[in-house]
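In what follows, a structure is listed as structure tokens, so that the remarks can point back to it.
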Amino acid sequence: MISVFLFLPLLGALLVSLASKPAKFPLAWLFAAATLILALALWVAGPTSVSLPWVPALGLTYSLSMGGVSTLLAVIAAFMTLLAVIYAGAKVEGGPGMLALVLAMESGLLGIFLSRDLLLFYVFFEFTLLPSLLLLARFGGQDRLRALIAFGIYTTIGSLFMLVAIIALRSASGAPTFALSAILQATAKHALSGTAQRWLFLGFLAAFAVKLPIFPLHAWMPDYHQQNHPSGVADVMGTLYKVGGYGIYRFALPLFPKAAADFQLVLMALAAFSTLYFAWIAFHQSDYKRILAYAGLSHMGLVALGLFSLNPVAITGSMFLLAFQNVYTGSLFLAVGMLWSRVGSLSPDQGGLMVDAPVLSGLTMVLWFGAIAVPGLVGFVGEFSVLLGSYQVNPWLAFIAGLSIIAAGSYALFAYQRSFWEARPEGRPKVPDLGVLEGTLLGISVVVVGLFGIYTQPALRLIQPGVLALGHLIGVA
Amino acid sequence: MLPVYLLPLLPFLGFLVLILFGRRFPGPLAGALASALVGLAFVVALIDFFSVRSVPMHELLWSWLPGIGGKGHNLEIGFYLDRLSSLMTLVVTGVGFLIHVFSIGYMEHDPRFPRFFAFLNFFVALMLILVLADSYPLMFVGWEGVGVASYLLIGFWFEGKINANAARKAFVMNRIGDLGFLLGIFLIFRQYGTTVLPSLAKMPIKTDSALELICLFLLVGAIGKSAQLPLTTWLADAMAGPTPVSALIHAATMVTAGVYLVARSHFFFSQAPVASSWVAWVGGLTALYGALSAMNQYDIKKILAYSTISQLGYMFMAVGVGAYWAGMYHLVTHAFFKALLFLAAGSVIHALQGEQDTRKMGGLAKTMPLTGAVGLIAVLAISGIPPFSGFFSKEAILGASFAYSPWLWAVGTFTALLTAFYMLRWYLLVFSGTYRGQAHPHESGPVMAVPLVALAILAALGGVIGPQLLGSNWLENYLKPVLGLPSLHNPATTELSLIAIAVLLALLGFLWAYLRYRSGRLTDLRGFGPISAKALYLDDLYAGSVASPSKAISGALERTDRVFGGGMSATGEVLTEPGRWTNLWQSGFVRVYALSMLLGTLLLVLYLAVRMLGGSL
Amino acid sequence: MILFLILALLSLVGGVLTIAASNAIHAVLGLVGTLISLAMLYVTLDAHFLAAVQVIVYAGAVMVLFLFVVMLLNAARPVSSRDPIPYVRELAVIFGVLLAGSLLLVLNGYAPPRSLANAASDLAGGAPGPVGAVLLSKFLLPFEAVSLLLLVAVIGSVALVLRPQVQEDPAPEPAAQPGRGETA
Amino acid sequence: MIPTSDYLLLSGLLFTLGIVGVLIRRTAVLVFLSVELMLNAANLAMVAFARAWGQLQAQSAVFIVMTLAAAEVAIGLAILIAIFRKRVSTEVDPLSEMKG
């Protein structure tokens, strides 16, 4: 069942790429919906896993498991892809071309979230890079090449370090296969030496820091989002592809608890700094895509802060934030795409759109409030728990990261005000409001942002058992 | 005994209905629905008020935040109704209802009429969540929620750039305060392991530096929300919103949230003397600051805004010195007369088609007798003239502050003098003398008049609930089980002399104002005038020291980030340089390939030979 | 022993002649000389059948083919003077000398695993019978593969060299296509 | 009995001559010639080893190599002729379109 779920979008991508132009959208739409339904079924059915020897000689196993955080992330990935596919297919000219790549990327993402074998994880980690590069290459802006190269180099180099670390890990731990469970048992029997753990942890961290992204390795992201197709479809997938946080949670922390403890302070400082640094820069951006990129970076800094603080509440908060950040940042990208399709430019200085397009501005405002963690919406639950947890560990760093909510408030409202409030300059044409389809798309994500902000039970029931298990591993109750 | 969650639920439903199906409510129907819902909430509050006398109600709904609900399990969303919060709900829903009715008339020909009432209901719902929250994080939801509501309402007429900026400024400044509140919550969780109020109240509070820090953090939160020094400049700009908004949010309910927070966490503050003195002195200084800046304002609403800041300062003084019940008492009476003042100003502005500058008003008492009369009652109440409500509550505060520290009392009483001055100046500029404007004012309709009268009655008789003179006053005993008794009481004789001094000063203030503005003459206060008009330049100070540098820093960070990004890609280029060398090698000449083959074999064999040599040497 | 030295010398001279002769014909003849001396060497190595094959197939057929092609392409003409790639010739010589030197060092230490005395009896003089037996038992698959290869080689060379005649189109294009250019 | 190492030395020398020839010669045919020389050097070494190990496999292997060489020469020369028809000259260097 899991493998069907995993490879369904890939199959869809294949068929869509072969299908004739008019047939592309219904087919893609069908596959994306089927994947989401399957995801929900698996969620209801509860955790399942499969583990088969794939290449026994190498010790490579085909082991997947769907439970806890992976389920949550997989469901959200399926949900957002469905939104992106519908929006791309229906509203974006040249959209059908993207559909195959979007579905391929979805399959890669599901692979990342479900794989429990280090090499399999690496395979999917690299595989997802291809469609996103193609999306950027075929649909990007003018100097997308520079962004493409930077994105490609950063990711591959980072993941090469991880590959080396994976191989070294298996040999160091003496586990029979690359399966995570096997390695965990091996390290449980006799833990790796401190220095070995430290180096391997850094190896993993190199790849995840790029994909997180966190301060020193973030340069690729603003260009990546800016150069992507203005409709925002590629960016939705880009946000989903920020899997660094998940990687740390699933692989780096359980495998190297001692190293995580050693580096705790340094990494937390880095995360807190990058949270504030990016929020502050976002204020100065003059392009919606870059504002959202830096906002995303600031959120990812918070996720990192939560993870590195090794405090159960903070880790729960960071996973919650990571999962739902995809929803509101992704929808904001779509909203910006809709704005672009109406106004033709991505710069926030439009003025007075609230008059002509109240629905668009209303929904965007709720999404922005979700993004800057207004309580009662989904953003707050994550940020609050992260800040609360990291405060228990180090009050000063939590304070620095806390400052980012003030910066977030100012840059979000500053951008919002310039485009939706204030008087509409005379020369500008009348802007049509959202159509039924676009309205429902944003509407659904607004409902999710609102609902899970209040009723967090389903998501927490998924996250907390995993965090509890992780807590025992790290020795923090 | 109606369930408590009904209170926030009713207005929230109103918000949802009006925001989604607003257009389907023609004419004043939307306003009627909104007011009806708030009215219903008021009825529920009333019923619960009478039934909660003995045991507080604590309802838990469902689990919400991970891990901080005490002893490791998740925090439940719950509503806690005790005597203090039921009092607040009465104020919020009661005054809210009157203001809703008033704004039906005030906003009747506004194109986005239903949306205004949606936002108003949204505000009332969140204010009730704030008041009824059983844990600090839930209170924080209400806390920021009302911040959002005030953002939406201040920026309701968003076409104007000033309104939009004012709304954003209010939100950002509130957020600064909210950060303090957040840090306070984190420290509370760190010290006591839970953030649920009822269990915290029962816990033994260890008085140590952490407790002081907690109280200071909560103070920062309260300062942000109640526009005390130093985060006070946003309230004056918030007047950009429609007048009912100013009345509801920036006079009666939201800004008092800070006082409510301190009163609610009385079990912390009573054990933290240093922090309480901070609260008291912040209150005192803000009262002074408010009064000084209100003296020479010309915008009808700005005067009232600064007066609100000043009155809030009084409340902070009260809860600072430990007389929490006095603080709540003034909060209640202030809600009445300040809402009345704003609504009176509203009906004046409505009559003059949006004119807000007092220099173009005057002599309206003749053409708008009801508003004039009601305005006079409010001015008398706020200045602390007996038998009006303001007198009693202000006396309670001044009495308690005198027992705490005479200096504080001195500041309070001097501010009372200034209050009397600028309030009478406000009345004289607007209602007496000859009309200086062009519009032709007329008395407002019944829809606006009824709330005015109701509030006037409350302002006049509001004092009855806790007069100091009649021995045991009702309010103090009512709140005793929740807030405990203030530690300090001064003997009856000093009490009487304090009252006499206060009333004397109030009359002195009236005299001074009457002399200057009797015939509607517009004379600036020499020397001190411009300073007061610019609100002691605090706003420009912030603009210079906070706003522009943060923009500059943000720009600088942007450039460093680009350079840093560039640096990373430069290292990329450096890597590709050797690449260009190697492809010289692939020149395509067959013989070059052959040569490299030969080189390869040669190296191999050479290696063997060298090894052989090495071996045999 | 002397015989070995003479033959070795002969083959080396032939080799030098092959690579250094200015006239192509001399080069080919030099190679033929080397081949024949190698054939004799095979005889001393008890590989009589191979010696015969060498002489017949290699020295005979292949070299004749070479001569024929050299004549056909009159490759004897001296080549244009300038050598486009710098230092190739000098580098080649140096590498050659180095390679030879290191081969000398490496190879003279080679000790055969078995004494050569009873080698002659095992090889049965390299007669065609035993060689054929080995060929068709252990080397059956390569044997078939090589035969197939030869077939391909023959057809290939014929196809390559054949001069393409122009045949008319089997299915005439419908006239409706206006302005179609003359086919390729 | 001549020791096998002498034969190997001879084969090494011939091989070196062949490879140097390939590099020095600039006409395709003569390059082919040197390649043939290298091939024969290898055959010599094979036969020498056959004797050293006393097994016939090496000799049959040499036999197969020879047939292979014949096929190779046939094809090689055919290609040369085809190229000659296009380029008149048989030089090796201009033929560099297949550059990477």
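Here is how names work: the chains are called A, B, and so on, in the same order as the sequence lines, proteins then strands, and each is numbered from 1. Note: hydrogens, waters and symmetry copies are ignored here, and every other heavy atom, side chains too, is used.
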B/R190 and A/Y391: which non-hydrogen atoms are nearest, and at how many Å? NH1-O, 3.3 Å
Minimum-distance pair of heavy atoms, taken over all atoms of B/L65 and A/L460: C-CD1, 4.3 Å
Between A/P358 and B/R115 the two heavy atoms that sit nearest each other are CB-NH2, 3.6 Å
Please classify the contact of A/Y416 with chain B as side chain, backbone, both or neither, using a heavy-atom distance under 4.5 Å. side chain
Under 4.5 Å to a heavy atom of chain A? For B/V148 that would be side chain
Contacting region of B/L187 [heavy-atom separation from chain A under 4.5 Å]: both
Interchain contact, A/Y455 with chain B, by part (heavy-atom threshold 4.5 Å): both
Give, as side chain, backbone, both or neither, the part of B/A556 having an atom under 4.5 angstrom from any heavy atom of chain A. neither
Using non-hydrogen atoms and a 4.5 Å limit, figure out which bit of A/I463 sits close to chain B: side chain, backbone, both or neither. neither
Is chain A contacted by the side chain of B/L182, its backbone, both, or neither, given a heavy-atom distance below 4.5 Å? side chain
Minimum heavy-atom distance between B/P66 and A/V381, given as atom pair plus value: CD-CG1, 4.3 Å
With chain A, the option among B/K169, B/R112, B/R168, B/K161 that has the most non-hydrogen atom pairs under 4.5 Å is B/R168
B/W62 side chain vs A/I454 backbone, donor-acceptor pair below 3.5 Å: yes
As an exercise: rank B/I185, B/D178, B/N165, B/I77 by heavy-atom pairs under 4.5 Å with chain A and give me the winner. B/N165
Winner by heavy-atom pair count (cut-off under 4.5 Å) against chain B, out of A/T316, A/V374, A/V467: A/V374
Between atom CD1 of A/I281 and atom CD1 of B/I553, what is the distance when rounded to the nearest 0.5 Å? 12.0 Å
If we ignore hydrogens and angles and just use 3.5 Å, is the side chain of A/W421 paired with the main-chain N or O of B/G160 as donor and acceptor? no
Below 4.5 Å from any heavy atom of chain A, which atoms of B/N74 appear? Answer side chain, backbone, both or neither. side chain
Assert top hit (heavy-atom pairs under 4.5 Å, partner chain B, pool A/I149, A/L387, A/V313) equals A/L387
Part of A/R290 lying under 4.5 Å from any heavy atom of chain B: side chain
Hey, what do you get for CE (A/M365) to OH (B/Y151), rounding to the nearest 0.5 Å? 5.0 Å
Is it the case that atom CZ in A/F273 sees more than 12 heavy atoms from other parts of the structure closer than 6.0 Å? yes
When the 4.5 angstrom heavy-atom criterion is applied to A/I372 and chain B, the contacting part is both
Heavy atoms only: give me the nearest A/L403-B/L179 pair and the separation to one decimal. CD2-CD2, 3.6 Å
A/A373 versus B/R175, closest heavy-atom pair with distance: O-NH2, 3.3 Å
May I ask you to test the A/M354-B/E159 pair for a side-chain heavy-atom distance under 4.5 Å? no
Sort B/F140 into side chain, backbone, both or neither according to what part of it lies under 4.5 angstrom from a heavy atom of chain A. both
Name the region of A/V355, side chain, backbone, both or neither, that has any atom closer than 4.5 Å to a heavy atom of chain B. both
Assert top hit (heavy-atom pairs under 4.5 Å, partner chain B, pool A/F399, A/F384, A/F278) equals A/F384
For chain B, the option from A/Y294, A/F420, A/F414, A/F369 that forms the most heavy-atom pairs under 4.5 Å: A/F414
Among A/T456, A/L388, A/I406, which has the most heavy-atom pairs under 4.5 Å with chain B? A/L388
Answer with side chain, backbone, both or neither: which region of A/Q392 has an atom nearer than 4.5 Å to a non-hydrogen atom of chain B? both
